[in-house]
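Just below is one structure, and these are the notes that go with it.
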Amino acid sequence: MTGLVAYAYATTHIPDDLNSFATQQDNVYYWADGSTMARTGWVSRQEMPLDKVPPKVQGAVLAAENAGFYSDPGVSPSGVLRALTASVTGGETQGGSTITQQYVKNAYLNQDRTFTRKFTEVLLAVKLDNQKGKKQILEDYLNTSWFGRGTYGIQRASQAYYGKDVSQLNASEGAFLASLLKGAGLYDPALSKENHERAVERWAWILDRMVETGQLPRAERATYTQFPEPSGTSLGGTPGAQNGYLVELAKAYTLKAGRIPDSEFDLGGYQIYTTFDRDRMTALTAAVQQAQKDFDAERRPDTDKHAKIGAASVAPDGRLLAVYGGPDYLKQGFNESNATTIPAGTAFTPFVYAAALEEGVLRTRGKDRTPVSPSSTYDGNDQVTVQTPDGPYWDRSGKVVKGRNDGGRSWGQVTLRQAVANSVNTPMVQLGLDVGLDRVESFAERSGLLGSSLGPRIPTFALGENSTPSAIRMAGAYETFAADGMHTDPYSVRSVTRNGAGQPLDAPKPTRAVTAETARAVTDALRAAVTEGSAKAVGKAHAGTAGKTGTTEANTAGWFVASTGQESTAVVVYRMSLTDLVPLPLTGLGGDAPGTPGSDRAVRLWADYAKAVK
């Protein structure tokens, strides 16, 4: 018999692969202030080094499960004897497992109650005890044990039951968590009155046992007279509502900037520290919801159905501070702040203006380019024929292209600064042709818009009619002007760790998009838009704001993009069916009279948000 056991021991190998749940962890996302935003993954587990678990919490586990852990050979001789006896008599296998045995069962084996499984457990436990240090075994055990409420490991258990990191637990709280190792379904007080009674009884027993085993001074035990009631709910943070959109953005950025394969990320264990500002998120969501109160699809099904709002705020250094992605990520995964389906409209014209100030214009074939300035004048009348160096611009149908102003208004001769501030279309269409639409496109990309979102280079390109940048990218591009011409791509993650170890990220670097002089001239025109032009509805309450409204010829979208000293924010109001992603007219949205631009709503929404974060 002894030889048989020796042979079995020699031929038993510790598996290379642990059970999937023993290595699977969740990923945790944090707000910019360091508080927990959300967690994702199939299991709720985060590894915690043993030295981060308070000694008295470790002591509670030892007292409850295996007081002789540090001196035993990895198995309980009496437990082994009971198992052997049961196999001979045909009885059920017995308990009495050590912490090492429990870990082996959890990490390597199944939960079958058979002699073969028990015998293998004993052999693996002895071999593991000979190969690993006791502290490592205890750490692994604490990180893989089931504590109920969807949690594996003592770190997640601490957060689920007490809402804090395991390092902050005291001996009394540790004693309660240790009781869960006996069976969380029997000792979670939130499940039933009987559970609560059992939990209190076992908690008191573990504290007394800690005194007996030298893990707790008797005087300290005497101070724990009240049961440390855990919270009544399980660990929160599963992403939904607005948080789901934030997690989506942060995950995508982490995978790309961290060069992390999906398969590796899905194993979990990552801590993602985002740039999202919780107060700004609250303020932006509230502003959107206030605006949506006027959208009543039941009373106005033909106009308010499919009404959407996307919004984003970006800091001067590119940090993505807040987004509004939609009503609820769990109900609508389509992220309205990151969508590239809505025309930018005349919110695009500052890029035309910037390109003209830097590149000059070419009106006559074979001549040198001519510099322009904010005071350069253009024809602002309605129905002005668009000219090329070779004559009028003809479209594919053989018609001469003419510029059109909102409402058919004619402005006469206007400066470029006035044209931007007042959203006069005809000068900007002509300016785009004079600069060269290829150069305009280049400036738009350098300022932060994605080339894939920019449309064909036809005259209306200058009015943003065929370009569909996201609200996030529009906010980031306007921030380029506010930052004296330096652009940093928007990013949503500051840093990433995995089980406490830092992970490298390819962080975006600021680049020169336009000269500081050009950026200041554009900003000046955008300030004029707020004080005297198309965005004057913003009012004096937001003095110093540089912003621009945006409308489209088909009235399918209304924009307002504005920069303050703290951030740039883009808001777009539009209508679209998410089944075919075709923009629909805003006419009559929220009961507005025909002709009311959606940009007015975007301006009011922005003002509510800006007031809340001032």
Side-chain angles (χ1 to χ4, degrees), residues 245 248-249 284 287-288 291-292 295 303-314 320 322-327 332-352 406 423 425 441 444-445 447-456 458 460-478 490 534-535 547-562 568-590 592 596-606 609:
Y245 301 109
E248 172 197 47
L249 291 168
L284 184 58
V288 171
Q292 288 175 328
F295 300 166
T303 57
D304 291 4
K305 188 178 181 181
H306 307 311
K308 307 292 179 187
I309 295 176
S313 285
V314 177
L320 195 52
V323 303
Y324 181 83
Q332 177 193 297
F334 180 80
N335 188 337
E336 294 165 14
S337 72
N338 203 32
T340 55
T341 52
I342 309 302
T346 51
F348 185 84
T349 57
F351 308 114
V352 181
D406 289 344
S423 278
N425 293 346
E441 181 180 57
E445 287 192 53
S447 298
L449 301 190
L450 297 177
S452 59
S453 71
L454 302 179
I458 59 177
T460 52
F461 177 82
L463 299 179
E465 290 291 342
N466 56 15
S467 294
T468 56
S470 67
I472 291 174
R473 285 287 170 172
M474 284 294 281
Y478 269 55
S534 63
K548 177 77 176 69
T549 57
T551 57
T552 61
E553 185 177 13
N555 191 31
T556 56
W559 288 81
F560 183 58
V561 191
S568 287
T569 302
V571 178
V572 58
V573 179
Y574 64 103
R575 288 181 65 240
M576 175 180 285
S577 169
L578 296 184
T579 58
D580 51 23
L581 298 181
V582 175
L584 303 170
L586 288 171
T587 304
L589 180 66
D592 286 337
T596 301
S599 58
D600 286 356
R601 289 187 173 277
V603 168
R604 293 199 297 272
L605 192 161
W606 177 88
Y609 167 66

Steps toward side-chain contact (heavy atoms from CB on, under 4.5 Å) verdict (Glu441, Phe461) = CA-CA 9 Å; Glu441 181 180 57; Phe461 177 82; 3.9 Å; yes
Member of [options] meeting the side-chain contact (heavy atoms from CB on, under 4.5 Å) criterion with [X]:
X: Ser599; options: Val573, Thr549, Val572; value: Thr549
X: Ser337; options: Leu284, Val323, Val571; value: Val323
X: Arg473; options: Thr340, Asn338, Val314, Leu449; value: Leu449

To the closest 0.5 Å, what do you measure between [atom1] ([X]) and [atom2] ([Y])?
X: Ile472; Y: Leu249; atom1: CD1; atom2: CG; result: 5.0 Å
X: Thr349; Y: Lys548; atom1: OG1; atom2: NZ; result: 4.0 Å
X: Thr569; Y: Tyr478; atom1: OG1; atom2: OH; result: 12.5 Å
X: Tyr574; Y: Thr552; atom1: OH; atom2: OG1; result: 13.0 Å
X: Phe348; Y: Leu463; atom1: CZ; atom2: CG; result: 9.5 Å
X: Leu454; Y: Phe351; atom1: CG; atom2: CZ; result: 9.0 Å

message = With a 3.5 Å distance limit and no angle check, can you tell me whether Arg575 reaches the backbone of Leu586 through a side-chain donor-acceptor pair?
response = no
message = Check whether Trp559 reaches the backbone of Pro343 with its side chain - one donor and one acceptor, N or O, closer than 3.5 Å.
response = yes
message = Checking Glu465 now: which residues fulfil side-chain hydrogen bond (donor to acceptor under 3.5 Å, both in side chains) with it, not counting sequence neighbours?
response = none
request  = Using only heavy-atom distances, determine whether the side chains of Asp406 and Ser423 contain a donor-acceptor pair under 3.5 Å.
outcome  = no
task = Using only heavy-atom distances, determine whether the side chains of Tyr609 and Ser313 contain a donor-acceptor pair under 3.5 Å.
result = yes
query = So, do Thr556 and Ile342 sit near enough that their side-chain heavy atoms are less than 4.5 Å apart?
reply = no
